[in-house]
Amino acid sequence: MDGEPVNAKVGDGEITFISYWATWCPPCIAELPSIDGLYQDYGDKISFLMISNEDP
C-alpha cells in the first residue's frame, strides 16, 4: 500500500488465488463480492494476491 515492491511466495505448497485488478475495470469491481466470499470461506487456507500497476 505504500508503493513499495513486495515479493510474494507463490506455489510453495499453498493454494494462491491471484487476480490482476484495476479500479477502473468494471469486471474487476463486479467480481469483488465473489472474491470477498472466497476470503470469508477460505481465508485461512488460501493466500490471496491482488496485483495492480496503479498508484497506491
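Below, all heavy atoms of this structure are taken into account, side chains as well, without hydrogens, waters or symmetry copies.
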Check your understanding: If Ile, Leu, Val, Met, Phe, Trp and Tyr residues are connected whenever their side-chain heavy atoms lie under 4.5 Å apart, and connections chain through other members, are I51 and Y39 in the same group?
Key ->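 No, separate clusters.
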Check your understanding: Roughly how far, to the nearest 0.5 Å, is CH2 of W24 from OG of S52?
Key ->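 The CH2 atom of W24 is 9.0 Å from OG of S52, to the nearest 0.5 Å.
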Review point. Is there a side-chain contact between I18 and M50 (heavy atoms, below 4.5 Å)?
Key: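 No, their side chains stay 4.5 Å or more apart.
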Review point. Which is it for E54 and T23 under the side chain to side chain contact (heavy atoms under 4.5 Å, CB included) test, yes or no, and what are the steps along the way?
Key: CA-CA 8 Å; E54 296 177 289; T23 57; 2.6 Å; yes
**Study point:** S19 versus E31, closest heavy-atom pair with distance
**Key:** OG-OE2, 3.3 Å
Practice item. Search all heavy atoms of W21 against all heavy atoms of C28 and return the closest pair with its distance. Key: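 Heavy atoms of W21 and C28 come nearest at NE1-O, 3.2 Å.
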Exercise for review: Determine, step by step, whether F48 and T16 satisfy the side chain to side chain contact (heavy atoms under 4.5 Å, CB included) criterion, reporting the C-alpha distance in whole Å, the side-chain angles of both residues, the deciding distance to 0.1 Å, and the verdict.
Suggested key: CA-CA 6 Å; F48 286 80; T16 303; over 6 Å; no
**Study point:** Pairing residues for Y20 by the ring-ring contact (aromatic ring centres under 6.0 Å, His included) criterion, not counting sequence neighbours
**Key:** none
Exercise for review: Dump the intermediate steps for side chain to side chain contact (heavy atoms under 4.5 Å, CB included) on L38 and F17, then the final yes or no.
Suggested key: CA-CA 9 Å; L38 282 172; F17 177 91; 4.0 Å; yes
